[in-house]
Participant: 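Would you mind keeping the following structure in view while I ask a few things?
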Number of protein chains: 2
Amino acid sequence: MATREKSDCPINLSLELIGDRWTLLIIRDMVFAGKKHFREFLQSDEGISSRTLAERLQTLQDEGILTRSDDPTHGLRTVYRLTEAGIDLLPVLATLGAWGSRHRKADERLARITDQLAAGGEAALEKMKAALRTEHSV
Amino acid sequence: MATREKSDCPINLSLELIGDRWTLLIIRDMVFAGKKHFREFLQSDEGISSRTLAERLQTLQDEGILTRSDDPTHGLRTVYRLTEAGIDLLPVLATLGAWGSRHRKADERLARITDQLAAGGEAALEKMKAALRTEHSV
DNA sequence: GTCAACAGTTCCAAATGTAAACTGTTTTGC
DNA sequence: GCAAAACAGTTTACATTTGGAACTGTTGAC
């Protein structure tokens with residue numbers, strides 16, 4: 001995504017980075033399923049290809065949304081962690097989930113999660129962000 | 001976008017429809033700039049191609065996000081209007097804009113708009129939704 | 001020492017997106 | 001009443017992105 005920015009509109013700038021089919025699904029898996037490893041992302045229901053996954057993880061790393069580091073306890077394993085900018089995408093996931101829950105035929109169990117998050121307002125979001133900071137700190 | 005759904009996750013269902021570079025920019029133009037005509041969307045800074053625009057408008061219409069009708073006062077003109085599902089995308093635009101405003105180098109004047117909307121909580125959103133309902137009703 | 005786990009990479013085909021020119025009406029300005 | 005501009009797209013040729021499958025090279029488990 002080395003494309004020159006097409007405008008300085010905040011919505012456009014967000015979309016230039018996360019406006020695609022896969023990026024927010026990766027973030028979703030980190031936020032709601034606690035995934036941290038390449039192989040885990042590969043196993044999601046939507047079936048991202050390893051090629052696309054590798055490219056997205058690299059871009060997200062370049063743009064400061066997540067960090068990549070070696071697992072000290074396991075030489076082969078790589079750990080991906082959300083940065084503060086990545087954790088800050090939680091409200092986007094919440095509103096996106098709430099919309100899908102209301103206007104598409106979504107799984108009820110999953111819908112409850114984002115619905116509660118969106119309905120809980122700032123307080124619910126901050127609580128979950130705090131938990132994510134703990135989980136993704138080194 | 002006649003793709004079979006890959007999962008029933010509400011976030012995935014939202015992304016399958018609006019997770020791309022252009023769709024939310026069209027909605028943004030309708031919501032914040034009051035655009036309603038093909039030629040107006042074409043003139044945005046980001047420069048969508050007429051082919052992509054036509055395809056997206058068709059999909060959004062098929063999926064019930066907007067409606068298409070002839071302008072009674074002007075035989076050539078077509079009017080696109082947001083449905084309730086389309087208006088309901090406002091919180092997504094607000095959080096997306098707030099994120100871009102905080103984490104990218106966004107235009108300050110534009111950033112203020114989404115920032116206030118996101119900071120104003122449910123009340124600010126509902127107020128703007130009410131205005132959109134009036135503007136996009138027949 | 002063998003086998004599975006791990007994070008990718010490589011290659012090719014298919015799908016999608018872009019730019020630019022073009023269509024066929026209708027309305028506007030004179 | 002006629003020419004030019006406005007309107008919503010379509011078409012075509014090309015470039016870029018994506019998807020699927022097979023493959024690499026290393027490390028850890030048994």
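The structure displayed is predicted, hence computed values, not measured ones. Here is the naming used below: chain letters follow the sequence lines, and residue numbers restart at 1 for every chain.
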Participant: By a strict heavy-atom criterion of less than 4.0 Å, which residues belonging to residues 65-82 of chain B are in contact with DNA chain D?
Facilitator: Arg68(B), Leu76(B), Arg77(B), Thr78(B), Tyr80(B)
Participant: Taking the basic N atoms (NZ, or NE/NH1/NH2) and the acidic carboxylate oxygens, is any pair closer than 4.0 Å for Glu16(A) and Lys6(A)?
Facilitator: no
Participant: In whole angstroms, how far is the C1' atom of dC7(D) from the CD atom of Gln43(B)?
Facilitator: 11 Å
Participant: Would you say Leu96(B) and Leu13(B) are hydrophobically clustered, going by side-chain heavy atoms of ILVMFWY under 4.5 Å?
Facilitator: no
Participant: Between C1' on dG8(C) and CD on Gln61(A), what's the gap in Å once rounded to a whole number?
Facilitator: 13 Å
Participant: I'd like to check the side chain to side chain donor-acceptor pair (under 3.5 Å) partners of Asp71(A); sequence neighbours left out, ordered by chain and number.
Facilitator: Thr73(A)
Participant: Show which side-chain atoms of residues 82-95 of chain B pair as donor or acceptor with protein atoms under 3.5 Å away, not counting sequence neighbours.
Facilitator:
unit_1, atom_1, unit_2, atom_2, d
Thr83(B), OG1, Gly64(B), O, 2.6
Thr83(B), OG1, Ile65(B), O, 3.1
Thr83(B), OG1, Ala85(B), N, 3.3
Thr83(B), OG1, Gly86(B), N, 3.2
Glu84(B), OE1, Arg133(B), NE, 3.0
Glu84(B), OE2, Arg133(B), NE, 3.3
Glu84(B), OE2, Arg133(B), NH2, 3.0
Asp88(B), OD1, Lys129(B), NZ, 2.7
Asp88(B), OD2, Arg102(A), NH1, 3.3
Asp88(B), OD2, His103(A), NE2, 2.6
Thr95(B), OG1, Thr95(A), OG1, 3.0
Thr95(B), OG1, Pro91(B), O, 3.1
Thr95(B), OG1, Val92(B), O, 3.0

Participant: Going by heavy atoms in the side chains, are Ile113(A) and Phe32(A) under 4.5 Å from each other?
Facilitator: yes
Participant: Please report the distance, rounded to the nearest Å, between CG in Leu53(B) and P in dA19(C).
Facilitator: 13 Å
Participant: Can you check nucleotides 19-24 of chain D for protein contacts, nitrogen or oxygen pairs under 3.5 Å, and list what you find?
Facilitator:
unit_1, atom_1, unit_2, atom_2, d
dG19(D), OP2, Trp22(A), NE1, 3.0
dG19(D), OP2, Thr52(A), OG1, 3.3
dG19(D), O6, Arg51(A), NE, 2.8

Participant: Find the distance Glu55(A):CD to dA7(C):C1' and express it as a whole number of Å.
Facilitator: 16 Å
Participant: Atom CE of Met30(B) and atom CD1 of Ile26(B): how far apart are they, to the nearest 0.5 Å?
Facilitator: 9.0 Å
Participant: Hey, can you pull the residues of residues 26-33 of chain B with a non-hydrogen atom under 4.0 angstrom from DNA chain D?
Facilitator: none
Participant: Looking at residues at least two apart in the chain, or sitting in another chain, which of them share a salt bridge (charged side-chain N to carboxylate O under 4.0 Å, His left out) with Arg104(B)?
Facilitator: Glu63(A)
Participant: If I take atom CG in residue Asp20(A) and atom C1' in nucleotide dT16(D), what distance separates them, rounded to the nearest angstrom?
Facilitator: 15 Å
Participant: One thing to verify: whether Lys36(B) and Glu135(B) come together as a salt bridge, which I'm taking to mean a side-chain N less than 4.0 angstrom from a carboxylate O.
Facilitator: yes
Participant: Under the 3.5 angstrom rule, does the side chain of Ser44(A) hit a backbone N or O of Glu46(A) as a donor-acceptor pair?
Facilitator: no
Participant: dA19(C) P sits how many Å from Leu42(B) CG, rounded?
Facilitator: 11 Å
Participant: What I'd like to find out is whether the side chain of Leu57(A) reaches to under 4.5 Å of the side chain of Phe38(A), using heavy atoms alone.
Facilitator: yes
Participant: In whole Å, what is the span from the CZ atom of Phe38(A) to the P atom of dT26(D)?
Facilitator: 18 Å
Participant: For Phe41(B) and dG9(D), what is the distance between atoms CZ and P respectively, to the nearest whole Å?
Facilitator: 11 Å
Participant: Give the C-alpha distance, both sets of side-chain angles, the deciding distance and a yes or no for side chain to side chain donor-acceptor pair (under 3.5 Å) between Asp20(A) and Thr23(A).
Facilitator: CA-CA 6 Å; Asp20(A) 74 273; Thr23(A) 301; 2.4 Å; yes
